[in-house]
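Notes follow the structure.
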Amino acid sequence: MSTKKALMSRRPRWDRVLGTSGTSVPDRPGRLRDRLGGMIQMFLGLVGLALLVAAPIMIFQGFTGRRSITSELEQQRISFPPTGLPATLSAYAGRPVRTGVEARAYSELIAEHVLAATGGRTYAEITAEAQKNRTDEKLSKLRETAFMGETLRGALLGAYQAWQVTLLVIGLGALCAAMGAGFLALALQ
């Protein structure tokens, strides 16, 4: 069998793959390009639709998370004192803690109180002192105060971090919506 006949015998397979039965060889690259272009448009459309479906779910979950954090903080009935706050926290005077930002501010208030009570020492430093002098009741009470203060502060900072994550999820949801709309617009061109 000659080389030309061998090549001709393979042509029907290419015709089936490219969908070009009966066309000449020079038309094939153009049709392949058209098919690839169509596949890319379809892919962009699918990605765009997926992003547009994910966007409202993310935004909803972000706002749901914020409501949950607010609910948990309200159940704790934490309020800033009406007077005696440091200048940096005076805007919060008398307000209840309901948001992550307020939880962070209240944690700063706790940190100042703990530092004042412990003379600037950390829980770890007080614990080390208490282990050396196990009979000192005052040191034992101070260690308890530092522990409770740092624990409360950590919980409030956790609420603040969760609040920030909800903001990130809401922002990513909005970004997904914009990207999805952009991909869909490209696919429909």
Side-chain angles (χ1 to χ4, degrees), residues 46-185:
L46 290 173
V47 169
L49 284 173
L51 288 171
L52 286 173
V53 168
I57 294 169
M58 292 175 76
I59 292 169
F60 175 78
Q61 288 298 324
F63 282 113
T64 300
R66 284 202 161 200
R67 282 191 300 274
S68 176
I69 293 165
T70 297
S71 174
E72 288 295 321
L73 288 171
E74 285 175 342
Q75 288 176 16
Q76 298 303 314
R77 295 186 190 114
I78 303 168
S79 291
F80 288 92
T83 59
L85 288 174
T88 56
L89 301 176
S90 62
Y92 298 106
R95 289 175 43 183
V97 176
R98 299 182 69 240
T99 67
V101 175
E102 293 165 345
R104 180 176 181 216
Y106 201 87
S107 80
E108 291 171 14
L109 180 64
I110 291 173
E112 287 185 20
H113 285 243
V114 169
L115 283 175
T118 63
R121 294 175 292 179
T122 65
Y123 170 76
E125 292 170 336
I126 295 169
T127 300
E129 287 177 42
Q131 287 177 347
K132 290 178 186 173
N133 189 356
R134 295 180 189 266
T135 60
D136 190 345
E137 283 295 315
K138 186 176 179 185
L139 204 52
S140 179
K141 294 278 186 197
L142 192 57
R143 186 178 84 174
E144 190 176 308
T145 299
F147 176 76
M148 287 191 299
E150 290 301 322
T151 302
L152 290 172
R153 186 168 186 265
L156 289 168
L157 287 174
Y160 170 71
Q161 290 169 344
W163 188 265
Q164 294 301 96
V165 169
T166 62
L167 180 63
L168 178 66
V169 171
I170 292 167
L172 287 175
L175 180 64
C176 282
M179 288 174 50
F183 284 151
L184 205 55

*Please identify each residue that fulfils salt bridge (charged side-chain N to carboxylate O under 4.0 Å, His left out) with R67, with sequence neighbours left out.*
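For R67, no residue satisfies salt bridge (charged side-chain N to carboxylate O under 4.0 Å, His left out) once neighbours in sequence are set aside.
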_E112: which residues meet the salt bridge (charged side-chain N to carboxylate O under 4.0 Å, His left out) condition with it, sequence neighbours left out?_
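With neighbours one apart ignored, the set is empty.
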*Can you tell me how far the CG atom of L109 sits from the CG atom of L156, to the nearest 0.5 Å?*
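It comes to 10.0 Å.
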*For the atom pair CG (L85) and OG1 (T83), what is the distance rounded to the nearest 0.5 Å?*
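Between L85 CG and T83 OG1, I get 7.5 Å after rounding to 0.5 Å.
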Which heavy atom in [X] sits nearest to a heavy atom in [Y], and how many Å separate them?
| X | Y | answer |
| --- | --- | --- |
| P82 | A93 | O-CB, 3.5 Å |
| C176 | M58 | SG-SD, 3.9 Å |
| I59 | A174 | CD1-N, 3.8 Å |

_Stepwise side-chain contact (heavy atoms from CB on, under 4.5 Å) test for V97 and Q76_ = CA-CA 9 Å; V97 176; Q76 298 303 314; over 6 Å; no
*Answer yes or no: does atom CD of E137 have more than 12 heavy-atom neighbours from other residues, nucleotides or ligands under 6.0 Å?*
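At most 12 heavy atoms, drawn from other residues, nucleotides or ligands, come within 6.0 Å of this atom.
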Side-chain donor-acceptor pairs of residues 164-173 under 3.5 Å, sequence neighbours excluded:
from: T166; atom 1: OG1; to: R66; atom 2: NE; distance (Å): 3.0
from: T166; atom 1: OG1; to: W163; atom 2: O; distance (Å): 2.5

Considering only distance and modelled atom types, tabulate donor-acceptor pairs under 3.5 Å from the side chains of residues 142-155, sequence neighbours left out.
from: T145; atom 1: OG1; to: K141; atom 2: O; distance (Å): 3.0
from: T151; atom 1: OG1; to: F147; atom 2: O; distance (Å): 2.7
from: R153; atom 1: NE; to: S107; atom 2: O; distance (Å): 3.2

*Return the set of residues passing side-chain hydrogen bond (donor to acceptor under 3.5 Å, both in side chains) with E74 (not counting sequence neighbours), or none when no residue passes.*
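Testing E74 for side-chain hydrogen bond (donor to acceptor under 3.5 Å, both in side chains), a comparison that skips the adjacent residues, returns R98.
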*Looking at residues at least two apart in the chain, or sitting in another chain, which of them share a side-chain hydrogen bond (donor to acceptor under 3.5 Å, both in side chains) with E129?*
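For E129 the side-chain hydrogen bond (donor to acceptor under 3.5 Å, both in side chains) partners, ignoring immediate neighbours, are R121.
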*Close side-chain approach of T118 and T122, heavy atoms under 4.5 Å*: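 Not in contact.
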_By the definition side chain to side chain contact (heavy atoms under 4.5 Å, CB included), identify the one residue from L52, L51, L46 that meets it with L184._
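It is L52; the other options fail the test.
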